[in-house]
Chemist: 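Here it is: the structure, laid out below.
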Amino acid sequence: MERDVQIEILFCGICHSDLHQVRDEWSGVMPTVYPCVPGHEIVGRVTKVGAAVKKFRAGDLAAVGCMVDSDGTCPECKAGLQQFCPNFTLTYNFPDKHLGGVTYGGYSESIVVDENFVLHVPANLQPAGAAPLLCAGITTYSPMRHWNVGQGKKVGVVGLGGLGHMGVKFAHALGADVVVFTTSPKKKEDALRLGADEVVVSNDVNEMQKHLGSFDFILDAVSADHDINAYINLLRRDGNIVMVGAPEKPLAVSVFSLIMGRRSLSGSPIGGIGETQEMLDFCGKHNIVSDVEVIPIQKVNEAYERLLKSDVKYRFSIDMASLKSA
Ligand SMILES: NC(=O)c1ccc[n+]([C@@H]2O[C@H](COP(=O)([O-])OP(=O)(O)OC[C@H]3O[C@@H](n4cnc5c(N)ncnc54)[C@H](OP(=O)(O)O)[C@@H]3O)[C@@H](O)[C@H]2O)c1
Ligand SMILES: [Zn+2]
Ligand SMILES: [Zn+2]
């Protein structure tokens, strides 16, 4: 098609959403169609462009995130909020408008995407670490911008995984006072290095108590069942906890914790295309990439098992050159 950009994929991050979907853990919301090719943290090199493409040329470094299309005409699209478009197309496991069947994602040699859904990667960012910005990056950047995280704000980040570690980097770069909550005491040093001002091991009741009623904003990036009320109670009056983590099962919410303090519990999905470019440019300016462990495609299953054990520092990025030796 005229507006298509063909990209040779260099690196693709492994998001915990890939694992949820490969194992059909979100069957109630988006059942998995097999065979499934996951991957929505894509950085690659443009190999070919359609006749009407204006923003990319062969040889450019380019990126693709969680969406590859939307209608472009609804109020959400007009507001630049494609992530809320009722007719968007997700990068994988989603009905493919052009080819039928479902879309296939970034664990692949190449991908063809409408130029409006292709992003520019700042030249100073190394591609392996830039790939996770396309989901883990924008998913944490967007709610922080929406709820005005910045100087003078006390911000909590729950769960130091792929999303969480990006949340720490952004909150720190935006000037907030950052506290990390982790179940893994061995991540303490890393959290401080990534930009946290303080680290709390969440099963330490005394440590948790010290922070009661003190946070303006908490980003919850936990992938599994956990006690969310413990964090709601840490919010100050009118504080907000935003769920970006998407556990398989519903969470039990103590309504009284919300009522007392007029606190809010909210959620946020990825971010719009314009905002994704803004986030990439912000990363270029502040030299922010994801801390990655680069793996060959042959280690994907092992990486998934390690993800389940919270054993990743802090994102796996697949070197797609390894596909050729598969
Ligand atoms: N909203 C969106 O648009 C969006 C986008 C991308 C991903 N997601 C979702 O966000 C979640 C996180 O994704 P991710 O890729 O960052 O995953 P991840 O790298 O596996 O990180 C999840 C972290 O949660 C903590 N955790 C895991 N199991 C836990 C448990 N049982 N109790 C308490 N904490 C636990 C761990 O941190 P500690 O070791 O520090 O405790 C772990 O590192 C997933 O559910 C994913 O599907 C949502
Ligand atoms: Zn993701
Ligand atoms: Zn739309």
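Note: hydrogens, waters and symmetry copies are ignored here, and every other heavy atom, side chains too, is used. First listed ligand is number 1; within each ligand, the first listed atom is number 1. If you read the sequence from its start, that first residue is 1, and numbering goes on from there.
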Chemist: Note the single closest protein heavy atom to atom 42 (C) of ligand 1, along with its residue, its atom name and the distance in Å.
Modeler: S310 OG, 3.5 Å
Chemist: Taking 4.0 angstrom as the limit, do R306 and E293 come out as a salt bridge?
Modeler: yes
Chemist: Return yes when at least one N/O/S atom of D71 is nearer than 2.8 Å to the Zn ion (ligand 3), and no when none is.
Modeler: yes
Chemist: Among all the protein's non-hydrogen atoms, which is closest to atom 33 (C) of ligand 1, and how far away is it?
Modeler: T183 CG2, 3.5 Å
Chemist: Counting only nitrogen or oxygen atoms and a 3.5 angstrom limit, does M243 reach ligand 1?
Modeler: no
Chemist: I want to know if ligand 1 touches T182 in the polar sense, i.e. an N/O pair below 3.5 angstrom.
Modeler: yes
Chemist: Are side-chain N/O atoms of Y92 and D18 paired as donor and acceptor at under 3.5 Å?
Modeler: yes
Chemist: Looking only at distances, can you tell me whether any N or O atom of H16, backbone or side chain, sits closer than 3.5 Å to an N or O atom of ligand 1?
Modeler: yes
Chemist: Among side-chain atoms of T32 and Q21, is any donor-acceptor pair under 3.5 angstrom?
Modeler: no
Chemist: What are the atoms of ligand 1, with element, lying closer than 4.0 Å to any heavy atom of D225?
Modeler: 31 (N), 32 (N)
Chemist: Considering only the protein, which heavy-atom contact is closest to atom 37 (O) of ligand 1, and what is its distance?
Modeler: L160 N, 3.2 Å
Chemist: Ion pair present between D238 and R262, side-chain N to carboxylate O less than 4.0 angstrom?
Modeler: yes
Chemist: Regarding S142 and E275, is there a side-chain donor-to-acceptor distance under 3.5 Å anywhere?
Modeler: yes
Chemist: Under a 4.0 Å heavy-atom limit, does A221 contact ligand 1 with its side chain, its backbone, both, or neither?
Modeler: backbone
Chemist: We want to know whether E305 and N301 form a side-chain donor-acceptor pair, criterion being a heavy-atom distance below 3.5 angstrom.
Modeler: no
Chemist: When you look for heavy atoms under 4.0 Å from ligand 1, do you find them on the side chain of S202, its backbone, both, or neither?
Modeler: neither
Chemist: For ligand 1, is there an N or O atom under 3.5 Å from any N or O atom of A246?
Modeler: yes
Chemist: Please confirm if an N, O or S atom belonging to C135, backbone or side chain, lies less than 2.8 Å from the Zn ion (ligand 2).
Modeler: yes
Chemist: For ligand 1, which atoms sit closer than 4.0 Å to a heavy atom of T139?
Modeler: 1 (N), 2 (C), 3 (O), 4 (C), 5 (C)
Chemist: Checking side chain to side chain contact (heavy atoms under 4.5 Å, CB included) between D220 and each of L163, V244, I228, which is the one that passes?
Modeler: I228
Chemist: The Zn ion (ligand 2) to C15: any N/O/S contact under 2.8 Å?
Modeler: yes
Chemist: For the residue pair T182 and K187, confirm or rule out a side-chain donor-acceptor distance under 3.5 Å.
Modeler: no
